[in-house]
Each structure stands twice: as structure tokens, then as C-alpha cells.
Amino acid sequence: MKKYVAELIGTMILVLMGCGSAVFAGSVAGTVGAGVGTLGVALAFGLAVVAMAYTIGNISGCHINPAITLGVWLSGGMKPKRAMMYMLFQVVGAILGSLLLSLLVSTGTHGGPTTTGSNTFAPDCMMQAFIAELVFTFIFVLVVLGTTDEKKGAGNFAGLAIGLTLVLIHIVCIPITVTSVNPARSIGPALMEGGQAMEQLWLFIVAPLLGGALSALVWKYIKTE
């Protein structure tokens with residue numbers, strides 16, 4: 001249960017910090033304090049992952065993302081029951097993080113372009129969004145599997161490598177989908193946003209999970225014993 005609670009807390013903090021940066025400071029910076037823009041939001045997500053990796057990594061592995069959990073499961077790193085429970089608690093954590101953001105917005109003001117940080121894509125860009133989420137999740141989960149490998153991994157530097165990879169992915173993908181690569185991160189804000197975010201949520205569940213599954217297959221093939 002401690003592992004599951006750790007995943008819940010980690011995912012909650014990821015959503016609170018990452019989506020929170022878009023909600024409260026996501027506008028393009030023009031003057032000091034005007035906003036952090038794409039790079040700032042990307043850093044917020046990446047730094048949240050780094051912080052959690054070194055906080056709960058030794059407890060649960062710090063997946064805080066169903067796509068990562070799926071990749072670890074399919075590559076032989078955990079049993080199906082534990083993987084399912086990880087995913088469940090990750091989604092609950094994301095919902096709690098989104099609830100906290102909604103509470104903050106409802107009791108004050110916000111300076112970003114969004115009130116929830118939900119993922120969406122232009123109606124005529126569904127294929128672009130699907131490809132982006134699949135490919136970038138594949139890259140992200142592959143980095144996770146490689147850097148955390150017990151024999152060939154990056155050891156204590158794994159959390160830093162993973163967080164910086166997420167920053168890089170966000171820089172490219174934010175203009176396309178606001179960047180998910182994490183079904184839980186999409187579910188929480190979509191429930192708070194409703195409307196288009198809920199209608200398009202399926203893509204931010206299916207594409208990242210496919211990307212995570214593909215990365216597991218590739219990693220099992222290319223890794224050396």
C-alpha cells in the first residue's frame with residue numbers, strides 16, 4: 001500500500017506543479033512576472049518529475065504515469081496486479097491534483113491561458129496529435145526503461161535524465177497537444193474542464209499507452225544482457 005500511496009502523491013504533485021504552471025503563469029512572458037511561456041511550463045513538468053524521482057523513487061520507482069507502468073510491466077519489471085493498482089492510484093492522484101488547482105482558481109485569480117491545464121488538439125489535427133503523443137511517449141518511456149535498468153542504467157542520475165527528457169518533449173509537444181505523454185495527467189484536468197477536453201480524452205489515453213507498450217517491446221529487443 002505504501003507504494004500505491006507514493007504513486008498517488010507523486011502524480012498529484014506532478015499535476016499540481018506542471019498544470020499549475022500553465023494555469024497561473026503560462027502566458028508568454030513580456031515583462032517580469034507576466035508569465036513563463038512554453039519553456040517555463042516544460043521545466044515545471046520536468047522538475048516535478050526530478051523532485052519526485054528522488055523523493056519516492058526508492059519507494060515505488062516513481063512511475064507517476066500509467067504509460068510508464070505499462071512499459072515496465074510489459075518489459076517484465078512488475079506483475080499485472082501491481083501494475084493495475086499503480087495505474088489506479090496514479091489516476092486518483094491526478095484527479096486530486098486537478099481538484100486542488102480548481103480550488104485555487106475558484107478562490108482567486110489566474111494568469112495563464114487555461115484554468116485546468118487540460119490537453120486538447122485542433123479539430124483538424126487529430127492525426128498529428130495522435131502521432132505526437134504516441135512517438136513522444138515512446139521516447140519518454142524508452143528513456144525511463146533504459147536509465148532505470150538494474151544492470152545498464154544510469155543509477156542515481158536516472159531521475160535527472162528522465163526529468164530533462166520530459167522537459168525536451170514538452171518544448172516540442174506543447175504547441176501540438178499541450179503535451180500529455182501521461183494518461184493520468186490528462187484524465188484529471190479533463191474531468192475538471194469537461195467539453196472538448198473530455199471529448200478528446202480518448203486520444204490522450206490510447207496514444208500514450210500504445211507508445212509505452214511499443215517502447216517495452218523495443219527495449220526488450222535492444223537491451224544487452
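Sequential numbering from 1 along the given sequence is applied to the chain's residues. Nothing here was measured: the structure is a model prediction, and the numbers come from that model.
Here the CD1-OG1 distance, from I13 to T55, works out to 7.5 Å after rounding to the nearest 0.5 Å. With rounding to the nearest 0.5 Å, the separation of SG in C62 from CD1 in I68 is 7.5 Å. Atom CZ of F138 sits about 9.5 Å away from atom CG of L217, to the nearest 0.5 Å. To the nearest 0.5 angstrom, M12 atom CE is 8.5 Å from M17 atom CE. If you take CZ on R185 and CZ on F45, they are separated by 4.0 Å, rounding to the nearest 0.5 Å. Atom-to-atom distance recorded for I174:CD1 and S180:OG is 12.0 Å, nearest 0.5 angstrom.
Contact annotation: the side chain of S106 approaches that of L103 to within less than 4.5 Å [non-hydrogen atoms, C-beta and beyond]. Between W73 and R82 there is no side-chain heavy-atom pair separated by less than 4.5 Å.
In this structure, the side chain of Y54 engages the main chain of N156 through a donor-acceptor pair within 3.5 Å. A donor-acceptor pair under 3.5 Å is absent between the side-chain atoms of K152 and the main chain of G146, judged by distance alone. A donor-acceptor pair is defined here as one N or O able to donate and one able to accept, closer than 3.5 Å; no such pair exists between the side chain of N119 and the backbone of L201. E7 contributes a side-chain N or O that, together with a main-chain N or O of H63, makes up a donor-acceptor pair within less than 3.5 Å. The backbone N or O of S60 lies less than 3.5 Å from a partner atom in the side chain of Y86, making a donor-acceptor pair.
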Side chains of residues 190-198: which donor-acceptor pairs under 3.5 Å do they make with residues two or more places apart or in other chains?
{"unit_1": "E193", "atom_1": "OE1", "unit_2": "T116", "atom_2": "OG1", "d": "2.7"}

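For the pairing with Q90, the side chain to side chain donor-acceptor pair (under 3.5 Å) check across N65, T69, N182 returns one residue only, T69.
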Between F157 and I162, does a side chain to side chain contact (heavy atoms under 4.5 Å, CB included) hold up when you go through it step by step?
CA-CA 9 Å; F157 290 103; I162 293 166; over 6 Å; no
Hey, mind stepping through F121 and E133 against side chain to side chain contact (heavy atoms under 4.5 Å, CB included) and telling me if it holds?
CA-CA 11 Å; F121 55 87; E133 287 294 329; over 6 Å; no
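When the side chains of ILVMFWY residues are joined at heavy-atom separations under 4.5 Å, either directly or via intervening members, L74 and L134 end up in a single hydrophobic cluster.
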